[in-house]
Engineer: 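I'd like to ask some things about the structure below.
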Amino acid sequence: MNRLKNKRSFDFPKGMLVSKKYEIQAKLGDGWEGEVYRVREIDTDVERAAKFFYPRKTVNDGLIKDYIKKLHKLRACNALIKYIGKDDFYLEGVRIPYLLSDFIEGYTLDTYVSSWYNGEMEPFRALRLFYDIVRAVEEIHLNGEFHGDLHSDNIIIQKSSLHYDLKLIDVFHPKKGKTFSMEDDMVFLARLLYDMTGGKNNYKYLPLIIKNICCGLKRKLILKKFNNATALRVFIENSSWEDGLF
């Protein structure tokens with residue numbers, strides 16, 4: 001039991017049964033709270049995503065309930081993956097809680113940028129994709145909430161055409177004693193655009209509109225311009241895209 005409680009990774013094998021209802025298919029990702037797997041619902045053969053929480057004091061039932069309440073509050077946000085339910089199972093005598101949600105096929109933003117654009121998107125393409133990410137985050141902000149963990153592995157790109165179809169995953173609910181806000185989302189967003197366009201080595205060559213959003217990744221400058229996603233969306237819509245983007 002103690003060994004499991006101190007583990008930093010579950011590493012569930014493919015084919016493992018969970019609660020006699022689900023079969024592990026593949027690991028999708030991990031974080032400080034736990035790990036996410038693609039699972040198959042045995043009765044229906046439908047694939048789901050399951051987030052398994054590590055059995056630690058820092059990840060308790062209260063935190064998980066707050067997490068669920070936040071997902072429920074944001075259920076109308078189209079860009080968020082939909083929560084289905086909560087369950088738990090016992091492994092080596094230890095209760096492992098987990099949450100089920102829709103399984104969404106696609107690429108993480110990190111994989112999308114690195115695989116299709118060699119880690120550096122052209123400024124116009126990057127700004128076009130970034131605009132859709134901002135609109136997705138705006139849905140959360142308009143509901144009085146924040147995402148809290150915006151990074152390239154928490155954004156799924158399903159396909160792209162004139163508009164990008166994307167989903168945000170793993171909405172973060174902070175541990176007791178820690179605070180996050182919409183302002184943190186704005187700093188995360190600036191970092192996303194910075195990384196999408198090549199990061200430090202390419203920054204000085206980028207168009208002014210992108211530099212005006214990234215602000216050299218200086219938190220105070222970013223928040224002076226953009227205190228929420230709506231402010232950033234309005235800025236993008238009312239800025240000139242021609243200068244340096246084509």
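All values below were derived from every heavy atom in this structure, side-chain atoms included, with hydrogens, water molecules and symmetry-related copies excluded.
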Engineer: Look at the aromatic rings of Y107 and Y112 and report parallel, tilted or perpendicular, splitting at 30° and 60°.
Structural biologist: tilted

Engineer: Of all heavy-atom pairs between Y22 and L100, which one has the smallest distance, and what is that distance?
Structural biologist: OH-CD1, 3.0 Å

Engineer: Hey, are the side chains of H141 and M186 touching, using non-hydrogen atoms and a 4.5 Å cut-off?
Structural biologist: yes

Engineer: With no hydrogens and no angle check, is any side-chain donor or acceptor of S19 less than 3.5 Å from a backbone partner on D88?
Structural biologist: yes

Engineer: Rounded to the nearest 0.5 Å, what separates atom CD in E183 from atom CZ in F226?
Structural biologist: 13.5 Å

Engineer: Does K21 form a side chain to side chain contact (heavy atoms under 4.5 Å, CB included) with D43? I'd like the steps, not just the answer.
Structural biologist: CA-CA 7 Å; K21 302 176 185 177; D43 284 348; over 6 Å; no

Engineer: Is there a chain of hydrophobic side chains (I, L, V, M, F, W, Y, each step under 4.5 Å between heavy atoms) that links I24 to I42?
Structural biologist: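 No, separate clusters.
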
Engineer: So, taking the atom named CG in L168 and the one named CG in N78, what distance separates them when rounded to the nearest 0.5 Å?
Structural biologist: 11.0 Å

Engineer: Heavy atoms, side chains only, cut-off 4.5 Å: are D165 and D132 in contact?
Structural biologist: no

Engineer: Compute both the distance and the angle, then confirm whether R48 meets the cation-pi test with F103: under 6.0 Å from the six-membered ring centre, within 45 degrees of the axis.
Structural biologist: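 Not flagged: R48 not positioned over aromatic ring of F103.
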
Engineer: Restricting to non-hydrogen atoms, name the atom on I213 and the atom on I222 that form the minimum distance, rounded to 0.1 Å.
Structural biologist: O-CG1, 4.3 Å

Engineer: May I ask you to check whether Y37 and F52 place their ring centres under 6.0 Å from each other?
Structural biologist: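 Between Y37 and F52, which both carry aromatic rings, the centre distance is below 6.0 Å.
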
Engineer: Using every non-hydrogen atom in the two residues, find where C214 and A190 come nearest and quote the distance to one decimal.
Structural biologist: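 Shortest heavy-atom separation between C214 and A190 comes out as SG-O, 3.6 Å.
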
Engineer: Roughly how far, to the nearest 0.5 Å, is CG of N227 from CG of L232?
Structural biologist: 10.5 Å

Engineer: Hey, is the main chain of S152 close enough, under 3.5 Å, to the side chain of D110 for a donor-acceptor pair?
Structural biologist: no

Engineer: Decide, yes or no, whether a salt bridge links D30 with K51 under the criterion of side-chain N to carboxylate O below 4.0 Å.
Structural biologist: no

Engineer: Mind checking whether I81 and L74 sit in one hydrophobic cluster, side chains of I, L, V, M, F, W, Y counted as touching below 4.5 Å?
Structural biologist: no

Engineer: Starting from the C-alpha separation in whole Å, work towards a yes-or-no answer on side chain to side chain contact (heavy atoms under 4.5 Å, CB included) for Y117 and E122.
Structural biologist: CA-CA 8 Å; Y117 298 100; E122 299 168 3; 5.7 Å; no

Engineer: Locate the shortest heavy-atom distance separating I209 from S239; write the atom from each residue and the value.
Structural biologist: CD1-CB, 3.6 Å

Engineer: Taking the side chain as everything from C-beta on, heavy atoms only, tell me whether L166 gets closer than 4.5 Å to L129.
Structural biologist: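 Side-chain contact under 4.5 Å: yes.
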
Engineer: May I ask you to decide whether K27 forms a salt bridge with E35, counting only side-chain N to carboxylate O separations under 4.0 Å?
Structural biologist: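 A salt bridge links K27 with E35.
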
Engineer: Do V137 and L217 sit in the same hydrophobic cluster, where Ile, Leu, Val, Met, Phe, Trp and Tyr count as joined when their side-chain heavy atoms come under 4.5 Å apart?
Structural biologist: yes

Engineer: So how far is it from L193 CG to L127 CG, rounded to the nearest 0.5 Å?
Structural biologist: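 Answer for the CG-CG pair, L193 versus L127, is 6.5 Å.
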
Engineer: Tell me if a side-chain donor or acceptor on H147 pairs with a main-chain N or O of I169 at a distance below 3.5 Å.
Structural biologist: yes

Engineer: Would a distance-only check, ignoring hydrogens and angles, find a side-chain to backbone donor-acceptor pair under 3.5 Å from N202 to G199?
Structural biologist: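 Flag not set: sc N202 to bb G199 has no pair under 3.5 Å.
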
Engineer: Check R135 with E138, please: is the shortest side-chain N to carboxylate O separation under 4.0 Å?
Structural biologist: no

Engineer: How close do L192 and H151 get, heavy atom to heavy atom, and via which atoms?
Structural biologist: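 Taking L192 first and H151 second, the nearest heavy atoms are CD2-C, 3.9 Å.
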
Engineer: With rounding to the nearest 0.5 angstrom, report the CZ to CD1 distance, R38 to I104.
Structural biologist: 13.0 Å

Engineer: Does a salt bridge link E23 with R40, judged by any charged N lying under 4.0 Å from a carboxylate O?
Structural biologist: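 So E23 pairs with R40 through a salt bridge.
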
Engineer: Quick check: does any side chain N or O of N228 sit under 3.5 Å from a backbone N or O of T230, one acting as donor and the other as acceptor?
Structural biologist: yes

Engineer: Within a strict 4.5 Å, meaning less than it, do heavy atoms of the D184 and R219 side chains meet?
Structural biologist: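 When only atoms from C-beta onward are counted, R219 and D184 do touch, with a gap below 4.5 Å.
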
Engineer: Please say whether more than 12 non-hydrogen atoms of neighbouring residues, nucleotides or ligands are located less than 6.0 Å from CD in E105.
Structural biologist: no

Engineer: So does D102 pair up with K82, basic N to acidic O under 4.0 Å?
Structural biologist: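 No salt bridge links D102 with K82.
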
Engineer: For the residue pair Q158 and Y164, confirm or rule out a side-chain donor-acceptor distance under 3.5 Å.
Structural biologist: no

Engineer: Okay, side chain of K225, backbone of N212: is any donor-acceptor separation there less than 3.5 Å?
Structural biologist: yes

Engineer: I'd like to know if D66 and K70 make a salt bridge, using a cut-off of under 4.0 Å between side-chain N and carboxylate O.
Structural biologist: no

Engineer: Look at the aromatic rings of Y203 and Y194 and report parallel, tilted or perpendicular, splitting at 30° and 60°.
Structural biologist: tilted

Engineer: What's the spacing between M121 CE and N118 CG if we round to 0.5 Å?
Structural biologist: 12.5 Å

Engineer: When you group the ILVMFWY residues by side-chain heavy-atom contacts below 4.5 Å and let the links chain together, are I155 and V187 in the same group?
Structural biologist: yes

Engineer: Where does the angle between the aromatic ring planes of F10 and F12 fall among parallel (under 30°), tilted (30 to 60°) and perpendicular (over 60°)?
Structural biologist: parallel

Engineer: Is there a donor-acceptor pair under 3.5 Å between the side chain of N238 and the backbone N or O of V234?
Structural biologist: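 Answer holds: yes.
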
Engineer: If you measure only the distance, is there a donor-acceptor pair under 3.5 Å linking the side chains of S9 and Y54?
Structural biologist: no

Engineer: Is any side-chain heavy atom of L189 closer than 4.5 Å to a side-chain heavy atom of F130?
Structural biologist: yes

Engineer: Measuring only between side-chain heavy atoms, which start at C-beta, is Y90 closer than 4.5 Å to I96?
Structural biologist: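 Y90 does not reach I96 side chain to side chain.
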
Engineer: Take atom CZ in R125; do more than 12 heavy atoms of anything else shown fall under 6.0 Å from it?
Structural biologist: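 12 or below, so no.
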
Engineer: Applying a strict under-4.5 Å side-chain criterion to I, L, V, M, F, W and Y, I'd like to know whether V36 and L63 cluster together.
Structural biologist: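 Per the 4.5 Å side-chain linkage, V36 and L63 are not co-clustered.
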
Engineer: Give a yes or no on whether the backbone of K204 and the side-chain of K211 come within a donor-acceptor separation of less than 3.5 Å.
Structural biologist: yes

Engineer: Treating D45 as the side-chain partner and E41 as the backbone partner, does any N or O pair qualify as donor plus acceptor under 3.5 Å?
Structural biologist: no

